[in-house]
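To keep things clear, I will list the structure first and then write my remarks on it.
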Amino acid sequence: MKQPRAWQRMLSGRRLDLLDPTPLDIEIEDIAHGLAFVARWNGQTAGDFPYSVAEHSLLVEEIFTRQNPGIAARWRLAALLHDAPEYVLGDMISPVKAAIGSGYGELDARLTAAVHLRFGLPAVLPGEIKRAIKAADKVSAWMEAVEIAGFTRTEADRFFGRQDKALVASLAIRLRPPVEVRADYTARHRMLLDAA
């Protein structure tokens with residue numbers, strides 16, 4: 001019986017094996033392109049453009065940096081790349097991930113490790129860094145929920161926790177064409193990689 005294809009061809013020409021990804025098959029241009037075209041919230045957001053995972057990742061890195069003043073550039077890079085596997089896996093909402101079970105998490109972990117190694121990060125982040133990135137991710141999710149996904153503040157508080165009002169007020173959700181977000185994501189990656 002023939003095995004199903006487990007790789008995806010990227011625009012760079014690379015073939016990424018989803019079951020056994022290697023750092024050599026990962027390019028930032030592929031990640032930035034894919035994430036700029038993947039919609040958060042399954043596209044169920046208000047606005048003229050979908051809110052992309054690339055835009056979300058830029059915001060999470062900004063929040064992470066504000067919440068952790070003076071943190072090393074390598075950890076800011078990790079924050080920017082926190083959803084990188086979604087460039088090939090897509091952004092599944094939490095209820096879908098729960099229904100799929102551990103298979104999604106295993107794919108995500110393998111791809112995350114390969115991405116991290118490609119850009120000089122440890123395959124598995126230290127626990128305190130992972131928790132700090134998750135905290136920034138929750139702030140972004142709360143903002144997205146309230147500003148573009150139709151949640152009330154009470155609902156967002158219940159799902160994502162209460163957020164620091166001053167921090168949230170100083171940030172903005174941006175809806176832009178994918179080509180702009182892709183360019184900004186790539187530039188931010190380059191800046192953080194050079195500083196790491």
Please answer whether the main-chain N or O of L19 pairs with a side-chain N or O of R110 as donor and acceptor at a distance below 3.5 Å. yes
So, the side chain of R14 versus the backbone of L24: is there a donor-acceptor pair under 3.5 Å, distance only? yes
Could you report the tightest heavy-atom contact between L175 and F49, atom names first, then the distance? CD2-O, 3.6 Å
Do the non-hydrogen side-chain atoms of D25 and D17 ever get within less than 4.5 Å of each other? no
Give a yes or no on whether the backbone of S12 and the side-chain of D30 come within a donor-acceptor separation of less than 3.5 Å. yes
CH2 of W41 to CD of E144, rounded to nearest 0.5 Å, is 6.0 Å
When you compare the side chain of D91 with that of D83, does any pair of heavy atoms fall below 4.5 Å? no
Does any part of the side chain of R174, heavy atoms only, come nearer than 4.5 Å to the side chain of L58, both counted from C-beta? no
Using side-chain heavy atoms (C-beta onward) and a distance below 4.5 Å, is F119 in contact with R74? no
Check step by step if side chain to side chain contact (heavy atoms under 4.5 Å, CB included) holds for F160 and V146. CA-CA 11 Å; F160 306 109; V146 170; over 6 Å; no
Could you pull out every donor-acceptor pair under 3.5 Å between side chains of residues 127-139 and any protein atom, sequence neighbours left out?
residue: R131; atom: NH1; partner: G127; partner atom: O; Å: 3.4
residue: D137; atom: OD1; partner: H56; partner atom: NE2; Å: 2.8
residue: D137; atom: OD1; partner: H82; partner atom: NE2; Å: 3.4

Let me see the working for L16 and M10 under side chain to side chain contact (heavy atoms under 4.5 Å, CB included), right down to the final yes or no. CA-CA 7 Å; L16 181 66; M10 301 293 143; 3.9 Å; yes
Indicate yes or no: at least one non-hydrogen side-chain atom of L11 is less than 4.5 angstrom from one of E29. no
Under 3.5 Å, side-chain donor or acceptor atoms of residues 187-196 against the rest of the protein: list the pairs with distances, not counting sequence neighbours.
residue: R188; atom: NE; partner: E61; partner atom: OE1; Å: 2.9
residue: R188; atom: NH2; partner: E61; partner atom: OE1; Å: 3.2
residue: R188; atom: NH2; partner: E61; partner atom: OE2; Å: 3.1

Does the side chain of R176 come within less than 4.5 Å of D184's, by heavy atoms? yes
Decide side chain to side chain donor-acceptor pair (under 3.5 Å) for W142 and D157; before the verdict, give the C-alpha distance in whole Å, the side-chain angles of both, and the deciding distance to 0.1 Å. CA-CA 7 Å; W142 187 94; D157 288 349; 2.8 Å; yes
Taking every heavy atom of F64 against every heavy atom of W75, the minimum-distance pair comes out as CE2-O, 3.4 Å
With L171, the side chain to side chain contact (heavy atoms under 4.5 Å, CB included) member among Q163, R66, E147: R66
Would you check if V53 and V60 make a side-chain contact, meaning some heavy-atom pair closer than 4.5 Å? no
Tell me whether R153 at atom CZ has more than 12 heavy atoms from other residues, nucleotides or ligands lying less than 6.0 Å away. no
Would you say the side-chain atoms of Y185 pair up with the backbone N or O of L80, donor to acceptor, closer than 3.5 Å? yes
Answer yes or no: is there a donor N or O on one side and an acceptor on the other, between the side chain of E155 and the main chain of T152, under 3.5 Å? yes
At their closest point, which heavy atom of L81 faces which heavy atom of P85, and how far apart are they? O-CD, 4.4 Å
Does any non-hydrogen side-chain atom of L125 lie less than 4.5 Å from one of T112? no
